[in-house]
Structure formats: structure tokens, C-alpha cells
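Report on the following structure.
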Amino acid sequence: MGRNYDAVIVGAGPAGSSAAILLAQAGWHIAVVEKHAFPRRKVCGECISASNLPLLHDMGIGEQVLKLAGPPLQKVALMARNERIVADLPALGKGTFKWGVALGREYFDSLLLQRARQCGAEVFQPQAVRAVEGEPGGFQCEVEDMESSESFYLSAPVIIDAHGSWERSLTEEDSHERARGPADLFAFKANFSHTSLEPGVLPVLSFPGGYGGMVMADHGTATLAFCMRRDRLARCRREMPDVKAAEAAFAHVMKHCRGVRDALTGADLCGGWLAVGPLRPGIRLNDSLQPTFRIGNAAGEAHPIIGEGMSMAIQAAWLLAKEIGPFRAACAHGPSQRELRQHFHDKWKQAFAPRIRFAALFAHMAMRPQWFGGILPLLKQHPDWLTQAALWSGKARCAPLEHEFSTRLNDVKAA
Ligand SMILES: Cc1cc2nc3c(=O)[nH]c(=O)nc-3n(C[C@H](O)[C@H](O)[C@H](O)COP(=O)(O)OP(=O)(O)OC[C@H]3O[C@@H](n4cnc5c(N)ncnc54)[C@H](O)[C@@H]3O)c2cc1C
């Protein structure tokens, strides 16, 4: 037998650390296992939507995030071919947290995890959960220390899978696994200094075979993150056989998107390129196969074009804490836990499935600028459609907590 907790959380991304903070605040004895040492950079567009700021404030890191992050994001721009269409981003109410911001994941994830520690969660890092055995009410995790390779065990009645989507699932064959295909997406990210990117504008990029985003984040650096289909990436590599995949992909984006050329020509790359893939956006919940609670990308992933993955991760953690936080004792009882899990996963689908579907539609259009060609003149006349699209993506709404959220927003405004 190993050490005992009320819950073991696998992964300390935005989903895992937020769940750790909220459940520890609700009196749970929590272990968080994270396989990477922090701080670490991560492939991500790094935009934190306004809808998360009241939640981050409640978790106790709102002010630190705003202090470190880049300028408030008040505009969205669509950049396709030589076009640049700018529109207002929707504001969140009228209070302190009207606008989203961007912050490097090396800062954001560290702040969240540090807060989880302060709230009493025990953090195992750099350590990886290698296997989960047992069933609701009595699980055992085998954990490997990444430095010594030694293994030990943690026991808990509840396991929360927050390990993201770019790793293999621990508890079952991921139903999302499938053979390599030309439509698989690979994602790249880099930071640049000395850019001419306008602060406060969030450009969404459309180019053949992919899409992406740019933003001014912390310390005056810009983040460029984009996704490209496997078949298009292979073509780029054939055209530029002597350079690395990320550089060939970047050259393709620069060639097909004037907005990126204008912003980044002459800029300095800071810290090198990061790459990850294949990404397989979609919903991964399957209650008959999965004995654990799932949040963040482990539950489901939206195409990154809407830049809402972290929001969905944080908001899912919030929803989970609301659903199970008061029922620590019931969770120790297998059948009660199964019922709570089914209920939580149903609520998760209600809250996030529409955003995942909307993101897929938008992403498939953006990867085909020839389709956008027909729409661009209309969008130029109606830039407010972009504002509406940002609203649908969830930029100014916290879907799972609509009611409490507005109450909280008012509390925060009054404070
Ligand atoms: C190109 C691109 C751009 C994006 N842009 C944005 C954006 O602008 N805004 C936004 O909100 N979202 C964006 N996203 C999405 C966002 O990055 C993810 O949705 C988000 O990171 C999901 O959070 P998570 O906590 O579920 O998972 P993750 O952030 O992936 O965290 C999972 C953690 O679990 C750890 N882990 C995995 N397996 C184990 C194990 N066995 N044991 C221990 N630890 C483990 C990992 O090391 C990791 O730290 C973007 C994604 C991409 C690809």
C-alpha cells in the first residue's frame, strides 16, 4: 500500500492544477502528479480569455496573472492571404475583467501549481503516473520518479485524469486513437521579440492546410502558434528539405499570410521552436470504458483556432469541484462515485460540446482559404460577424457556471 489521498490528479496543466486548488480549498486531501519539471514552455497560443479571470481571481492568482501578462486583448483580426479584417472582441461585462490577456505557459502553469501547493495539495514532480489499477472507491497509481526511475504507489478513492491529450491514455485504449492520416494536425509555437505586432490585437491566421494565431504576451514578446495538416507539412518539407519541420512550416505561413510577414519580418526568435502532434480534436468521454473523472484535454479538445482549450480546462475543473467538492465521503463509495461521474460528464458535454463543434467548423474553413475567398468581402462589410464568432467560441462566457459566474463577477466588481 502507498500513501493515501482523497484524490490523485494526473497532470498539472491548467485543468489539473485548477482542480487541485478548488478541491483542496473544499477540504480534500489532494496529490498532484506532474511528469515535467516546471517552469516549462509548451505549444500553446497562450491567450487567457476574459471568462477565466474571475475564476483565477477566486483561485487566488488573478492579480499575479494580470501583472505578468501582456496587454488587454480588445480586438480580433482575421488574416488570410493579403487581407486583414479587424473587429472588436466581446467584452466581459463592465467590470475589472473585461478583456482577455496572454501569458507564457512557463509562467501561467507555474503560478497555478504553486497556488495548488499553497492550498495544501501535495505535488509529485517530476514524476509520472505509469499505471492506474482498481475501481471507483479504491484506486492505486504506480508513479515513476523521472530522475531516479524508482516507482512508488499512491492510493485514493478518486482519480482525476488531467493529463492532456498529447499522451496515451492510462486507463484504456483511447477511443480517439486511430491510424495516421493526412488530416492529422501538427502544432508549432515560437516566441519573438522586436515584432511590429499591434498590442491588444488577437490575429487569427488562415492559410492553405492550416490555421493559427499571434498575440503580444508577457515581457514584450509575441507568441505565434499554428497547426498544419500532415499532408501539407510533408509538402512543405519536400519543398525545403534542408530545414527542420518547424522552419519549413513557418516559411509556408509567412508566404501565405501577409499579416504574419508584416508583423514578424526582422523579428528575433526567442528560445527556439516547439512542436507537438498529432492533435486529434474531439470528445474523449466514454463512461463505460473509463473509471476516472476526466477534465481538460483529457475529456475533449477543441481545434486550437478558437484559443479556448485552457478556458475549457479551467472551467471544467471548476464544474468538477462544484459537482463533487461537497461529496468527498460519497466518492469513497464506488456506486455513488459512478453516479456523480456520469452526472459530471453529462454536464461537461452540455457545456463544451457545442464549442468543440463550432471550433471544428471554423478550423475546416480556415484551412481552406479558397473557401474564405468568397466570404472575405462579406466579412469586410460585416466585421461584427467576427465579434459574434468570438462570442460563440466562448471568449466572454463561462458556459458551465452561467448563474454563479455572474454572481461572482458582481462580487468581484463590488470588492
Ligand atoms: C497551437 C495551439 C494553440 C493553442 N492556443 C491556445 C490559446 O491561445 N488559448 C487557450 O486557452 N488554449 C490554447 N490551446 C489549447 C491548450 O494548450 C490546451 O487545451 C490546454 O493546455 C489543455 O490543458 P490541460 O490541463 O487539459 O492539459 P495540458 O496543458 O496538456 O497539461 C497536461 C499535463 O499533464 C502532464 N502529464 C501527462 N501525462 C502524465 C502522466 N502520465 N503523469 C504525470 N503527468 C502527466 C503533462 O506533462 C502536462 O503538464 C492551444 C493549443 C495548441 C496546440
Side-chain angles (χ1 to χ4, degrees), residues 8-20 31-49 51-52 73 100-105 108-110 112-113 123-132 141-146 154 159-171 185-190 202 204-205 210-215 217 223-228 249 274-281 284 294-317 352 355-356 359 363 393-395:
V8 173
I9 300 179
V10 187
S17 291
S18 301
V32 187
V33 187
E34 168 55 55
K35 70 180 195 183
H36 290 294
F38 283 7
R40 55 100 176 84
R41 294 172 70 221
K42 191 168 172 94
V43 176
C44 185
E46 311 191 319
C47 290
I48 303 169
S49 296
S51 57
N52 299 299
L73 299 169
V101 289
L103 177 61
R105 293 290 296 267
F108 186 53
D109 289 19
S110 302
L112 277 167
L113 187 57
V123 178
F124 295 86
Q125 185 185 35
Q127 293 173 354
V129 173
R130 291 297 180 212
V132 175
C141 301
E142 183 190 343
V143 180
E144 181 190 341
D145 186 297
M146 302 302 279
L154 302 178
I159 300 289
I160 299 171
D161 263 336
H163 53 61
S165 55
W166 307 330
E167 320 267 344
R168 218 179 161 74
S169 167
L170 291 161
T171 43
L185 283 181
F186 289 83
F188 300 92
K189 169 250 179 87
L202 172 58
V204 176
L205 318 172
Y211 58 78
M214 273 192 303
V215 71
T223 302
L224 168 70
F226 61 87
C227 294
M228 191 178 277
L274 299 180
V276 71
L279 266 59
R280 280 158 184 166
R284 299 183 169 80
R294 290 189 154 210
I295 49 175
N297 276 19
E301 181 174 10
H303 271 271
I305 189 161
I306 61 169
E308 281 296 308
M310 287 193 287
S311 301
M312 287 171 41
I314 295 167
Q315 292 167 23
F352 300 116
R355 284 160 84 171
I356 291 179
S393 75
K395 291 270 171 242

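Counting starts at 1 for both ligands and their atoms, in listed order.
- The atoms of ligand 1 that sit less than 4.0 Å from any heavy atom of Gly296 are 26 (O).
- Of the candidates Gly13, Gly213, Pro14, Gly45, the one placing a heavy atom closest to atom 23 (O) of ligand 1 is Pro14.
- Remark: side-chain polar atoms of Lys42 are not paired, donor with acceptor, to backbone N or O of Leu274 under 3.5 angstrom.
- Taking OG of Ser165 as the reference point, atom CZ of Arg294 lies at 10.5 Å (rounded to 0.5 Å).
- Between Met228, Met310, Arg105, it is Arg105 that holds the heavy atom closest to atom 17 (O) of ligand 1.
- Distance alone, capped at 3.5 Å, places no donor-acceptor pair between the Gln127 side chain and the Glu34 backbone.
- In summary, the atoms of ligand 1 found under 4.0 Å from a heavy atom of Val10, numbered by their order in the structure, are 40 (C), 42 (N).
- The shortest separation from a heavy atom of Glu46 to ligand 1 is under 4.0 Å, placing the residue in contact.
- At a heavy-atom cutoff of 4.0 Å, ligand 1 is contacted by the backbone of Glu308 but not by its side chain.
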Working note: Glu46 + Arg105, criterion salt bridge (Lys or Arg N to Asp or Glu O under 4.0 Å); need CA distance, chi angles, decisive distance, verdict. CA-CA 6 Å; Glu46 311 191 319; Arg105 293 290 296 267; over 6 Å; no

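- Residue contacts with ligand 1 include Lys42, since one of its heavy atoms falls under 4.0 Å from the ligand.
- Contact annotation: the side chain of Phe186 approaches that of Pro278 to within less than 4.5 Å [non-hydrogen atoms, C-beta and beyond].
- Under the ring pair (Phe, Tyr, Trp, His ring centres under 6.0 Å) criterion, Phe188 pairs with Phe226, not counting sequence neighbours.
- Side-chain contact between Leu112 and Phe38 is absent, with no heavy-atom pair separated by less than 4.5 Å.
- Atoms of ligand 1 lying under 4.0 Å from any heavy atom of Val33, numbered from 1 in the order shown and given with element: 43 (C), 44 (N).
- The proximity of Leu279 to ligand 1, defined as any non-hydrogen pair under 4.0 Å, is limited to the side chain.
- Taking each of Cys141, Gly11, Ser18, Gly164 in turn, the one with a heavy atom nearest to atom 27 (O) of ligand 1 proves to be Gly164.
- A donor-acceptor contact shorter than 3.5 Å is absent between the side chain of Lys35 and the backbone of Glu144.
- If you look at Glu144 next to ligand 1, there are no close heavy atoms at all, none under 4.0 Å.
- The two residues Val215 and Gly45 make their nearest non-hydrogen contact at CG1-O, 3.5 Å.
- Using a 4.0 Å cut-off to heavy atoms of Gly309, the atoms of ligand 1 that qualify are 10 (C), 11 (O), 12 (N), 15 (C), 19 (O).
- Among residues two or more places apart in sequence or in another chain, the side chain to side chain contact (heavy atoms under 4.5 Å, CB included) test is passed with Ala31 by Tyr5, Val8, Phe124, Leu154.
- Of the N or O atoms in Val129, one or more lie within a sub-3.5 Å distance of an N or O in ligand 1.
- Neither the backbone nor the side chain of Asp109 comes within contact range of ligand 1; no heavy atom lies under 4.0 Å.
- Not a single heavy atom of Met312 lies less than 4.0 angstrom from ligand 1.
- Using a 4.0 Å cut-off between heavy atoms, Ala162 contacts ligand 1 through its backbone alone, with no side-chain atom that close.
- The residue Arg130 has no part lying near ligand 1, judged by heavy-atom distances below 4.0 Å.
- Here the side chains of Ile356 and Pro281 are not in contact, with every heavy-atom distance at 4.5 Å or above.
- If you number the atoms of ligand 1 from 1 as listed, the ones under 4.0 Å from a heavy atom of Ser311 come out as 11 (O).
- Considering CE of Met310 and SG of Cys47, their distance stands at 7.0 Å, rounded to 0.5 Å.
- Within ligand 1, counting atoms from 1 as listed, the ones closer than 4.0 Å to a heavy atom of Ala15 are 25 (O), 26 (O).
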Would Gln315 and Asn52 count as a side chain to side chain contact (heavy atoms under 4.5 Å, CB included) if you check the C-alpha gap in whole Å, the side-chain angles of each, and the deciding distance to 0.1 Å? CA-CA 7 Å; Gln315 292 167 23; Asn52 299 299; 3.2 Å; yes

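- For ligand 1, the atoms closer than 4.0 angstrom to any heavy atom of Ala128 are 42 (N), 43 (C).
- Within the listing of ligand 1, atoms 1 (C), 53 (C) sit less than 4.0 angstrom from a heavy atom of Ala187.
- When Cys47, Ala313, Gly100, Ala217 are ranked by how near their heavy atoms come to atom 9 (N) of ligand 1, first place goes to Cys47.
- Side-chain atoms of Arg355 come within 3.5 Å of backbone atoms of Ser393 as a donor-acceptor pair (strictly under, hydrogens ignored).
- Among Gly394, Ser17, Gly212, Gly307, the residue whose heavy atom sits closest to atom 7 (C) of ligand 1 is Gly307.
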